[in-house]
Undergrad: 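The following block contains the structure, expressed as structure tokens.
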Amino acid sequence: MQMDFIVDKQTKTVSITKEFAYNLSLVWDAYTKPELLDQWWAPKPMASRTKVMDFKVGGRRFYAMVSPEGDERWAVQKYTSITPKTNFKFFNAFADKDENPELPGSDWDLNFSEQDGTTRVSISIYNESLERLERMVEMGFVEGTKMQLKNLEELLAKLLRAKETKQ
């Protein structure tokens with residue numbers, strides 16, 4: 001399925017568009033349920049571990065990317081807007097293990113649409129500073145995100161197989 005990935009330093013924005021050959025409900029759940037998010041959010045060999053997730057406006061997700069050696073890189077996402085199965089937005093910041101954010105952060109805007117059984121996810125990530133954007137890129141954000149989306153493709157296929165087996 002098609003994927004576009006654009007880093008625009010002038011606007012301090014990353015734009016990602018990805019199509020999935022799965023229905024909207026399945027893709028939405030993978031982005032909004034912690035038990036599913038933790039199965040794909042981290043690029044391998046890292047793992048994602050959600051400590052808290054309250055998916056509602058004003059709620060948050062506090063999670064760590066965990067290396068095979070056990071090193072943790074924490075982040076907090078604060079949900080600012082949710083329109084079920086269409087859009088959600090959050091403010092994202094790296095954090096310490098006690099949930100103290102490292103500012104500046106970034107504003108994420110995720111849009112979901114479905115046509116003929118194909119779901120398109122369009123993500124816009126605005127960074128408060130060029131330095132933060134450059135730091136994300138240096139930390140392997142582009143490669144890591146592509147790996148995450150591959151993990152998501154694999155998870156969606158597994159979830160669909162499990163659903164079909166139950167029927």
Side-chain angles (χ1 to χ4, degrees), residues 1-20 27-28 30-34 36-83 86-113 119-155:
M1 296 260 84
Q2 179 183 345
M3 181 171 95
D4 295 319
F5 202 112
I6 301 163
V7 175
D8 185 336
K9 290 186 178 184
Q10 190 170 349
T11 62
K12 301 179 282 194
T13 303
V14 176
S15 300
I16 305 163
T17 303
K18 174 76 173 118
E19 291 182 348
F20 298 95
V27 176
W28 177 265
Y31 272 90
T32 61
K33 293 185 175 180
L36 297 178
L37 265 170
D38 280 345
Q39 294 183 56
W40 70 269
W41 190 256
K44 294 174 185 169
M46 304 283 283
S48 174
R49 186 176 69 232
T50 298
K51 186 172 183 179
V52 176
M53 184 163 171
D54 189 13
F55 187 69
K56 67 179 187 184
V57 175
R60 75 193 194 289
R61 177 179 183 223
F62 180 51
Y63 71 98
M65 295 273 201
V66 184
S67 74
E69 299 77 35
D71 296 325
E72 299 171 332
R73 185 69 177 115
W74 290 93
V76 63
Q77 299 171 340
K78 296 185 180 179
Y79 300 107
T80 57
S81 172
I82 298 172
T83 305
T86 303
N87 170 274
F88 68 93
K89 298 176 183 179
F90 61 82
F91 175 78
N92 182 81
F94 297 117
D96 66 17
K97 64 180 176 54
D98 298 315
E99 208 170 333
N100 298 305
E102 296 175 15
L103 301 176
S106 57
D107 290 303
W108 290 54
D109 185 355
L110 294 87
N111 290 285
F112 297 76
S113 61
T119 299
R120 175 184 290 241
V121 181
S122 299
I123 305 168
S124 177
I125 307 165
Y126 172 75
N127 288 272
E128 293 179 334
S129 74
L130 179 58
E131 293 77 20
R132 186 178 195 284
L133 173 64
E134 289 174 338
R135 180 176 170 206
M136 283 174 51
V137 171
E138 288 168 10
M139 290 174 64
F141 181 77
V142 175
E143 298 80 8
T145 300
K146 288 178 180 178
M147 292 169 71
Q148 284 176 315
L149 293 172
K150 183 177 185 295
N151 294 345
L152 177 54
E153 285 273 4
E154 292 168 2
L155 175 63

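The model shown is predicted, which means the values in this text are computed figures rather than measured ones. Values reported hereafter were calculated over all heavy atoms of this structure, with side chains retained and with hydrogens, waters and symmetry mates removed.
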Undergrad: Taking all heavy atoms of Ser81 and all of Asn87, pick out the closest pair and write down the distance.
TA: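 Looks like OG-OD1, 4.2 Å.
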Undergrad: Give the minimum heavy-atom separation between Phe62 and Ala95, together with the two atoms involved.
TA: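 Shortest heavy-atom contact: CE1-CB, 4.2 Å.
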Undergrad: Under a 4.0 Å threshold between the charged nitrogen and the carboxylate oxygen, would Lys44 count as salt-bridged to Glu154?
TA: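 Answer for the salt bridge query: yes.
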Undergrad: What distance do Thr17 atom OG1 and Asn111 atom CG have between them, rounded to the nearest 0.5 Å?
TA: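 One finds 9.5 Å between OG1 of Thr17 and CG of Asn111.
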Undergrad: Is it true that a side-chain atom of Glu128 and a backbone atom of Gly105 form a donor plus acceptor pair closer than 3.5 Å?
TA: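 Indeed, once roles are kept as given, a pair shorter than 3.5 Å links the two residues.
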Undergrad: If you compare all heavy atoms of Thr13 against all heavy atoms of Tyr126, which two are closest, and at what distance to 0.1 Å?
TA: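 Heavy atoms of Thr13 and Tyr126 come nearest at OG1-CD1, 3.7 Å.
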Undergrad: Using side-chain contact (heavy atoms from CB on, under 4.5 Å) as the criterion, point out the one residue from Ile125, Val142, Asp4 that pairs with Ile16.
TA: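 Of Ile125, Val142, Asp4, side-chain contact (heavy atoms from CB on, under 4.5 Å) with Ile16 is met by Ile125 alone.
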Undergrad: Distance check, rounded to the nearest 0.5 Å: Ser124 atom OG versus Trp108 atom CH2?
TA: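 It is 10.5 Å, given to the nearest 0.5 Å.
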Undergrad: Supply the atom-to-atom distance Leu130 CG to Lys12 NZ, rounded to the nearest 0.5 angstrom.
TA: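 NZ of Lys12 is found 7.5 Å from CG of Leu130.
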Undergrad: Quick one: pull up CZ in Arg49 and CG in Asp38 and give me the separation to the nearest 0.5 Å.
TA: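 Taking CZ in Arg49 and CG in Asp38, the distance rounds to 9.0 Å.
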Undergrad: Would you call Glu99-Arg60 a salt bridge at under 4.0 Å N-O?
TA: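 Here Glu99 pairs with Arg60 in a salt bridge, since their nearest N and O are under 4.0 Å apart.
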Undergrad: What is the distance from atom CE of Met139 to atom CZ of Arg132, rounded to the nearest 0.5 Å?
TA: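 Between Met139 CE and Arg132 CZ, I get 8.5 Å after rounding to 0.5 Å.
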Undergrad: Do Val14 and Phe5 have side-chain heavy atoms sitting under 4.5 Å apart?
TA: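 Yes, their side chains come closer than 4.5 Å.
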Undergrad: Could you tell me the separation between the CD atom of Gln39 and the CG atom of Leu155, rounded to the nearest 0.5 Å?
TA: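 The CG atom of Leu155 is 5.0 Å from CD of Gln39, to the nearest 0.5 Å.
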Undergrad: Specify the closest pair of heavy atoms between Met46 and Ser67, including all atoms of both residues, with the distance to one decimal.
TA: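 Between these two residues, the closest heavy atoms are SD-CA, 3.4 Å.
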Undergrad: Please report the closest heavy-atom contact between Asn151 and Ala42, naming both atoms and the distance.
TA: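 Reported closest heavy-atom pair: ND2-O, 2.9 Å.
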Undergrad: Before accepting this row, confirm whether a basic side-chain N of the pair Glu102/Arg73 lies closer than 4.0 Å to the acidic partner's carboxylate O.
TA: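 Looking at Glu102 and Arg73, the cut-off is met.
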Undergrad: For Asp96 and Asp98, indicate whether the former's side chain and the latter's backbone hold a donor-acceptor pair under 3.5 Å.
TA: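 Checking the backbone N and O of Asp98 against the side chain of Asp96, a donor-acceptor pair under 3.5 Å is found.
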Undergrad: Taking all heavy atoms of Asn127 and all of Ser106, pick out the closest pair and write down the distance.
TA: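 Scanning both residues, the minimum pair turns out to be OD1-CB, 3.5 Å.
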Undergrad: Hey, what's the ring geometry for Phe88 with Phe112, parallel, tilted or perpendicular (30° and 60° as the breaks)?
TA: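 Because their plane-to-plane angle is under 30°, the rings of Phe88 and Phe112 count as parallel.
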Undergrad: With a 4.5 Å cut-off on side-chain heavy atoms, are Tyr79 and Arg61 touching?
TA: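 Contact flag for Arg61/Tyr79 side chains = yes.
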Undergrad: Side chains of Ile123 and Tyr31, heavy atoms from C-beta outward: is any pair under 4.5 Å?
TA: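 Result yes, sub-4.5 Å side-chain heavy-atom pair found.
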Undergrad: Please examine the side chains of Lys150 and Pro43, heavy atoms only from C-beta on, and report whether any two atoms are closer than 4.5 Å.
TA: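 When only atoms from C-beta onward are counted, Lys150 and Pro43 do not touch, as no gap falls below 4.5 Å.
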Undergrad: Can you list the steps and then say if Lys33 with Met53 is a side chain to side chain contact (heavy atoms under 4.5 Å, CB included)?
TA: CA-CA 8 Å; Lys33 293 185 175 180; Met53 184 163 171; over 6 Å; no
Undergrad: Do Phe20 and Leu149 touch side chain to side chain, with heavy atoms closer than 4.5 Å?
TA: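 The answer is yes, as the side chains (C-beta and beyond) meet within the 4.5 Å cut-off.
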